[in-house]
Amino acid sequence: MELFNVYPLVNITPVRALGAKLWDDQGQEYLDFYGGHAVISIGHSHPHYVQRLTEQLQNIGFYSNSVQIPIQRELAEKLGRVSGYPDFSLFLCNSGAEANENALKLASFHTGKKRVVAFRGAFHGRTSGAVAATDNPKIVAPFNADHAISFVGYDLKAVAEILRGGDVCAVIVEPIQGVGGIIMPSDDFLQGLSLLCGAHNALLIADEVQSGYGRSGRFFAHQHAGIRPDIIAVAKGMGNGFPIGGILIAPELKASYGLLGTTFGGNHLACAAALAVLEVIKDERLLAHATEMGGYLRQELEAHAGAEEIRGRGLMVGIKYNFPIKEIRDKLLTEHHIFVGNASDPTVLRLLPPLNITKAEVDRFLGALVALTPPPSPLPGGEGELVSSARI
């Protein structure tokens, strides 16, 4: 049997990883500035993470949600406290797509309505409802195409017009679009969106699958806007590589037996991984570190990257050029041995390093990028040094 060939693969086979570094089967070291699509939040093979999983595996790795699993309650309590949502409830699943699927289903159950408002450039996953709310017709099969979805730009008047129809159960928004190219709706827009949803009995779903878990410098990216969504979808950085996802649910939404369900979601090992991530984020002050390193990275990119625009917050960064970035991305990997990401916009380079990335590692990336990109125009007064002394 062969693998179903749906992934374009680079010819690299990682066999070991630690922190922000990977080593392949030839012994070559790589710097990981992408984290496997923002999954590696606390660094590869963090000692506390390894210890937590090892100890859990030596006791029990799995049983279904038909028995008491105290580690789920421990995770819910700690996640509520660290994230700032102690009064919310937690439903656990296995991935970001499942999280968004359950968020949309729960919104429809709660309101009795079925239409969903989503945004241009959105990516919410590949399951039935999540992919229907994803703005990419190439990955929406005919089977998925009959959901009632309305796509709009970041235009409050357009959203209000759809909401006035009375059939919208939810508005789903990424506080920072990842796949779309690190696109951020403004804080004012998110605040207006929240008010509109409240006025029209539609739930606001924040898809924090990629932007959550400290990546923006706050635990959730929507917290920069000071809003409080009804449902928050999480995954990716939640388990640092172990499959886990979930939705944080406002207290106004009530549970009933059988309303949602999953076989593997919330298993012992997944919860141990998620607890390790929260513990490291808190103990190592990674929200503050992501803010500090993200600010430094952005400052250096704006000065030296020769880019059209630097986007994002914290350690969720998009570098927008006026040309396709494929050659730069390929050379960063093959010549400088640095993993970075792309986006649906072919002119955007996407950066999603671990939250505990060091300044020396940031400088290594910056030096490589500057070597591959056109020099910025000299500043007035003769200034315009390309590489700071910290990177020489």
Side-chain angles (χ1 to χ4, degrees), residues 39 41-42 48-49 51-53 55-57 59-107 109-110 203-215 218-223 228-283 286-287 355:
V39 167
S41 51
I42 61 169
H48 181 66
Y49 178 82
Q51 180 184 4
R52 261 285 199 175
L53 279 169
E55 290 176 353
Q56 186 61 55
L57 186 58
N59 292 316
I60 180 172
F62 171 82
Y63 206 77
S64 71
N65 286 295
S66 60
V67 298
Q68 297 291 325
I69 306 177
I71 196 171
Q72 291 182 350
R73 295 185 181 277
E74 183 185 356
L75 173 58
E77 188 278 330
K78 190 161 288 185
L79 176 55
R81 182 159 33 87
V82 174
S83 70
Y85 284 95
D87 58 331
F88 275 43
S89 300
L90 177 64
F91 174 78
L92 292 164
C93 55
N94 307 283
S95 69
E98 284 182 67
N100 283 324
E101 195 79 23
N102 281 290
L104 294 168
K105 182 190 293 186
L106 185 57
F109 273 134
H110 180 75
L203 300 192
L204 178 59
I205 300 171
D207 177 353
E208 294 271 10
V209 167
Q210 189 169 136
S211 58
Y213 267 74
R215 184 142 297 279
R218 300 287 298 271
F219 195 88
F220 291 125
H222 71 259
Q223 290 171 322
R228 182 179 165 96
D230 299 290
I231 305 175
I232 305 163
V234 292
K236 291 196 184 294
M238 184 178 189
N240 202 53
F242 199 100
I244 185 170
I247 50 176
L248 284 66
I249 304 162
E252 294 77 23
L253 281 69
K254 303 303 180 184
S256 61
Y257 292 150
L259 187 70
L260 305 175
T262 172
T263 297
F264 298 107
N267 68 74
H268 297 76
L269 279 175
C271 289
L275 279 165
V277 168
L278 289 174
E279 288 156 2
V280 171
I281 285 175
K282 182 175 182 293
D283 293 346
L286 292 188
L287 300 186
L355 302 184

* Value rounded to 0.5 Å, distance of CD1 in Ile244 from CE in Met238 ->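 It comes to 4.0 Å.
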Can you check whether [Y]'s main-chain N or O pairs, donor with acceptor, with [X]'s side chain at less than 3.5 Å?
X	Y	value
Asp230	Ala250	no
Asn267	Phe264	yes
Gln223	Phe220	yes
Asn100	Ala233	no
Glu74	Lys78	no

* **Short N-O contact, Arg81 and Glu77, less than 4.0 angstrom** =>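 Result for this pair is yes, salt bridge flagged.
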* State whether Glu208 and Arg215 are salt-bridged, where the test is any N-O pair (Lys NZ or Arg NE/NH1/NH2 against Asp/Glu carboxylate O) under 4.0 Å. => no
* Over all atoms of both residues, closest heavy-atom pair of Gly239 and Val277 -> C-CG2, 4.0 Å
* Asked: Looking at Pro229 and Phe88, what are the two nearest heavy atoms and their distance?
  -> O-CZ, 3.4 Å
* For atom OH of Tyr63, decide whether the heavy atoms of other residues, nucleotides or ligands shown that lie under 6.0 angstrom number more than 12. =>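 No, the 6.0 Å shell around OH holds no more than 12 heavy atoms from other groups.
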* Structure fact -> Test side-chain contact (heavy atoms from CB on, under 4.5 Å), reference Phe91, set Ile247, Ile231, Leu259, Leu248, output is Ile247
